[in-house]
4 protein chains.
Amino acid sequence: MPRPSVEAERRAQILRATCEVLAEVGLRALRVSDVAKRAGTSNGTVHYYFANKREVVHAAFDDNFTRSIERRRPIFDSGEDPKARLRAFVRSYLPDSPETVQAWRVWMELWSEALREPELQDLNERVYGEWRRIVAAVIRDGQAQGMLRAGDAVELANQLIGMIDGLAIQVLVGSRSMTVARMSEVCDAFLRDLES
Amino acid sequence: MPRPSVEAERRAQILRATCEVLAEVGLRALRVSDVAKRAGTSNGTVHYYFANKREVVHAAFDDNFTRSIERRRPIFDSGEDPKARLRAFVRSYLPDSPETVQAWRVWMELWSEALREPELQDLNERVYGEWRRIVAAVIRDGQAQGMLRAGDAVELANQLIGMIDGLAIQVLVGSRSMTVARMSEVCDAFLRDLES
Amino acid sequence: MPRPSVEAERRAQILRATCEVLAEVGLRALRVSDVAKRAGTSNGTVHYYFANKREVVHAAFDDNFTRSIERRRPIFDSGEDPKARLRAFVRSYLPDSPETVQAWRVWMELWSEALREPELQDLNERVYGEWRRIVAAVIRDGQAQGMLRAGDAVELANQLIGMIDGLAIQVLVGSRSMTVARMSEVCDAFLRDLES
Amino acid sequence: MPRPSVEAERRAQILRATCEVLAEVGLRALRVSDVAKRAGTSNGTVHYYFANKREVVHAAFDDNFTRSIERRRPIFDSGEDPKARLRAFVRSYLPDSPETVQAWRVWMELWSEALREPELQDLNERVYGEWRRIVAAVIRDGQAQGMLRAGDAVELANQLIGMIDGLAIQVLVGSRSMTVARMSEVCDAFLRDLES
DNA sequence: CATGAATGAGGCTTCATTCAT
DNA sequence: GATGAATGAAGCCTCATTCAT
C-alpha cells in the first residue's frame, strides 16, 4: 500500500511558504533558508524537492496562479448576469484582503523576473490568455443580451485587464492618491461606461 | 577658471550605466562591479560617488524618471489640440524604441522594489501625481473644447494611465497576444471612445 | 533449502558498481548515490550493507585487487616457459581493454588515497608483495633454466613492476608519446635485455 | 610608478600554500579555506586571485612542476660525466627530503586528477616530454663516450623514468619492502646494467 | 580624485548519513 | 531486507564594502 504521499504534501507546504516569503520580502531578498523556516522544514529538504532556488520560485509562481484561478472560478460559474459577473471580477482583484495582496505581490515579482525568464513568460501568457478569453466572453454575453454597448470584446477586455493591473500596482505601491477605494471607483466607472 | 567639476559628469555617467544594467539584468542580479564596468570606471569609484549600492540604485531610479519626463515635455508644450496631445502621450509610452523599453524595464524594477521602499514609493507618487495632473488637464481641456465626452477627468486619466501601465507590462513580458501594435490599438480605441 | 543469502550477491553488485564509478569519476567525485544508481539499488541500501562511504570504497579497492589477481592466475599456472610467462605477465598489464583500464584507474585512485590510509597501504603491501614474489620466482626459474641472465631476482622484479606501474600511469593519463604500443615495446625491450 | 606588484607575491604565496595542503591532505580533502589559512589570507582573497578551486589547484600543479624543474637544472648543467649525471638524476628523485616528498605527493594527486582533466594531461605531457628528452640525451652522450651500452636511448630513458615513478609510488605509499634505500639500490642496479 | 586589493559575511548547494516504515 | 524521505553540516563562491595608496 503506497504511503500516503508525503511528497505532495511537503511540496505544497514549501510552495505556500515560498509565496508568503515572496510577497513579504520579494524575490530579490528571498533566501532558501527563509522558505525552509517558513515551511517548517530544513534547508536541505527544500533542495530535496526542488533542484534549486530557481525551481522553487518558478513552481511557486505557478502555484500562485493556480490558486488564484481556483479562487475566482465561482464568479464565472455563477449564473449571474454579465454586468454582475464583471463587477465581481473587478472586485475580486481589489487588493483588499491579505490573500489578494499576497497574490498581487507575487505577480509583481513574477513580472520583473519574467523579463528574462521565458518560462515565466509562458506562465504569464497562459494566465492572461485565459483571463482575456473569459472576460471577453462575458462581455460578448452582455452585448448579446443588450446590456453592454457595442465594441470589440477582446479590445474591451484588454482595456479592463490592463487597467486593473496598472491600478493595482499603484495601490500596492502605497500610492496615497490611488487607494483600494479609488481603484474600485475608477474601474466601476469604466464598467458603467460600458453599459447601455 | 576651474573646469566645472568632473564630478557631476561622473555621477551622471554612473547613473546612466546603472539604468542600463538595471534594464538588462534586473535589480536582483545587478552588481556594483557591473555598473562600474559599464560606466568605464572602477569598483571603488562607484563607492566614491555613492555611499552604497542602495543609493546608486535609488539615484538611478530618480534619474530614469527625470529623463523620462524630459523626453515628454515637448508633447505637452506643443500647441496641438487635446486629442492629438493624448494620442502623442500614448504613443510616447509604447515600448517600441530601445530607449523606451529601457525606461519601462527600469520602472518595472522600481515597482517591485517600491513595495518595501518608502523612498521609492515617494518617487512613484511624485511621478504618477504629475502624470495624472497633466493628463487630467488635457482631458479637461478637450472637454472644454467639446472634443471629448463628459466624465470625471481625473477618473478618466487614471483609467488611461493604468491601462498603459498594465498593457506595457504585457508587452515587455513578451506576450505574443499583446504586442506593441496591439497595445497601440487598444489604447487608441479607448481614446476614440472618449471623443465626441 | 534456503537460497544462499541474497546478501552476498547484493554486496558484490555494489562493489562492482563502486569500481565502475571509481574508474569513471574518481574517488574525489564519487557519491554514494552514484554507486546506488549504478548498482540498481537505493541510496539507503548501500548503507545497509556498508557502514559508510569509506567502507564501501575500501571494500571496492579490495574487490578490484581480488578480481585482478583472479584474472592473472592462469598466466602463472600455465606450464609455459619463464620467458613466455613474463611476457604474458607484462601483456596482461597493458591498459588495452576496458576491463584492464578500469582496474588501473581504480589502482590510481587507491594510490592517492593510500597516502593517508594505513588500511589501503596494507592492501597495497599485500598485493605488491605477492607480485614481487611471483615475478621473482619466475625470474629465478628462468635463471635456473639458463634462459635469463644473472642478477638479483627480486631487484629485477622490482625494476619490471615499477616500470610497468610508471609507464601505465603515462598511458592512462593519455600521453601522446606513451601509448599502449609504446609501453609494450619498452617493456619487451627490458625483457629482451634480461635474456641470454 | 607601478606599485611593487603585490599580485605576483600573493599569487605565489597562495600556490605554495596549495601545494603544501595538497601534499598533506590530498586533493580530495583540500578545502579552499585550508589554502587560505595556510597562505595567511582570507578565503575571499584566494577567490580574488583565482576564479575557483579548480584554477587554484591547476595553477599549483603547474607551480609544483616549475619549481621541480628549477631544482634539477643544476644537475644537467653540471659538467659531470653522463653516468654521474644519471645517478644524480635518480638521486634527486628519491623521496628522502620533505621537499621531494611533497613534490611527489602533489604529482600523485595530479595523476588521478589528470585522468579526467585534459589541462593536466597537457601539463604531464610537457613535463614527461622534457624529462625523456633530457635523459635520452644524457644516455646518448654516455653511449657516444663508450661509457654506456648500446640500445635505443629513448627506450632506455622510458624504462628508467617509468621505474622511478613506479617505485616512488611504492615508497610514498609506505611500503615496508620498498624503502627509499631499496629504491635507490634498485635504480642503481639498473644504471649499473647500463654501463660498459 | 580614483583605484583595486583585500576582506568576510552570507547564500546556495551538495551529500553522507539516519531512521521510520 | 530494503527504501527513500529528511536532515544538517560544511564547502564553494559571490559581492558589497573598506581602505591604503
Side-chain angles (χ1 to χ4, degrees), chain A residues 1-7 9-11 14 29-36 39-56, chain B residues 5-7 9-10 29-36 39-57, chain C residues 5-7 9-11 14 29-36 39-57, chain D residues 1-7 9-11 14 29-36 39-56:
Chain A
M1 201 175 74
R3 225 175 317 173
S5 179
V6 157
E7 285 223 18
E9 186 85 14
R10 266 286 202 284
R11 248 190 81 96
I14 292 170
L30 178 143
R31 315 278 166 244
V32 172
S33 58
D34 294 338
V35 170
T41 36
S42 72
N43 217 316
T45 301
V46 174
H47 279 93
Y48 180 76
Y49 285 94
F50 299 91
N52 50 43
K53 181 176 165 177
R54 196 177 151 282
E55 296 292 314
V56 198
Chain B
S5 175
V6 83
E7 289 215 10
E9 189 153 334
R10 257 302 200 280
L30 177 143
R31 282 170 302 160
V32 173
S33 62
D34 291 339
V35 170
T41 33
S42 71
N43 214 319
T45 301
V46 174
H47 277 90
Y48 178 78
Y49 283 95
F50 299 91
N52 50 41
K53 181 175 168 177
R54 197 175 150 284
E55 297 293 314
V56 197
V57 171
Chain C
S5 173
V6 82
E7 289 214 12
E9 188 153 333
R10 257 301 199 279
R11 246 189 81 96
I14 291 171
L30 178 143
R31 283 169 301 159
V32 173
S33 61
D34 291 339
V35 171
T41 33
S42 71
N43 214 320
T45 301
V46 174
H47 278 90
Y48 178 78
Y49 284 95
F50 298 91
N52 51 42
K53 181 175 168 176
R54 198 174 150 282
E55 297 293 314
V56 197
V57 171
Chain D
M1 200 175 76
R3 226 176 313 173
S5 180
V6 156
E7 285 223 19
E9 185 85 14
R10 265 289 200 283
R11 247 188 82 96
I14 291 171
L30 179 144
R31 315 277 165 245
V32 172
S33 59
D34 294 338
V35 170
T41 36
S42 72
N43 216 317
T45 300
V46 174
H47 280 94
Y48 180 75
Y49 284 94
F50 299 91
N52 50 43
K53 181 176 164 177
R54 196 177 151 282
E55 296 293 314
V56 199

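In the text below, chain A, chain B and the rest are named by the order of the sequence lines, each starting its count at 1. Worth knowing before you read on, the calculation uses all heavy atoms, side chains too, and leaves out hydrogens, waters and symmetry mates.
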With sequence neighbours excluded, tell me which residues meet side-chain hydrogen bond (donor to acceptor under 3.5 Å, both in side chains) with [X].
| X | value |
| --- | --- |
| C:R31 | C:D34 |
| A:N43 | none |
| C:T41 | none |

Once Watson-Crick and G-U wobble pairs under 3.5 Å are found, how is DNA chain F written in dot-bracket notation, 5' to 3', with | for any base paired to another strand? .||||||||||||||||||||

Return the value, rounded to whole Å, for the distance between atom CZ of D:R11 and atom P of E:dA5.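 Answer to the nearest Å: 13 Å.
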
In whole Å, I'd like the distance from the CZ atom of B:F50 to the C1' atom of E:dA2. 15 Å

Toward the 5' end of DNA chain F, which comes first, A:G40 or C:R10, by nearest nucleotide? C:R10

On DNA chain E, check which nucleotide each of D:T41 and B:V46 is closest to and give me the residue with the more 5' one. B:V46

Over all atoms of both residues, closest heavy-atom pair of A:L30 and A:K53: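 Reported closest heavy-atom pair: O-NZ, 2.9 Å.
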
Candidate nucleotides E:dC1, F:dT3, E:dG4, ranked by approach to the side chain of D:Y48 - the nearest: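 Comparing E:dC1, F:dT3, E:dG4 against the side chain of D:Y48, the answer is E:dG4.
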
Within the 4.0 Å limit for protein heavy atoms, which parts of nucleotides 11-18 of chain F are touched? Write it as a string from 5' to 3', B for base, S for sugar-phosphate only, - for none. SSBBSSBB

Is there a side-chain polar atom (N or O) of B:T45 under 4.0 Å from OP1 or OP2 of E:dA2? no

For a 4.5 angstrom cut-off between non-hydrogen side-chain atoms, does C:V35 reach C:I14?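 Counting from C-beta outward, C:V35 and C:I14 do come under 4.5 Å.
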
Give the table of side-chain donor-acceptor pairs shorter than 3.5 Å for residues 44-52 of chain C, with sequence neighbours excluded, one pair per line with atom names and distance.
| from | atom 1 | to | atom 2 | distance (Å) |
| --- | --- | --- | --- | --- |
| C:T45 | OG1 | C:S42 | OG | 2.8 |
| C:N52 | OD1 | C:R54 | N | 3.3 |
| C:N52 | OD1 | C:E55 | N | 3.0 |

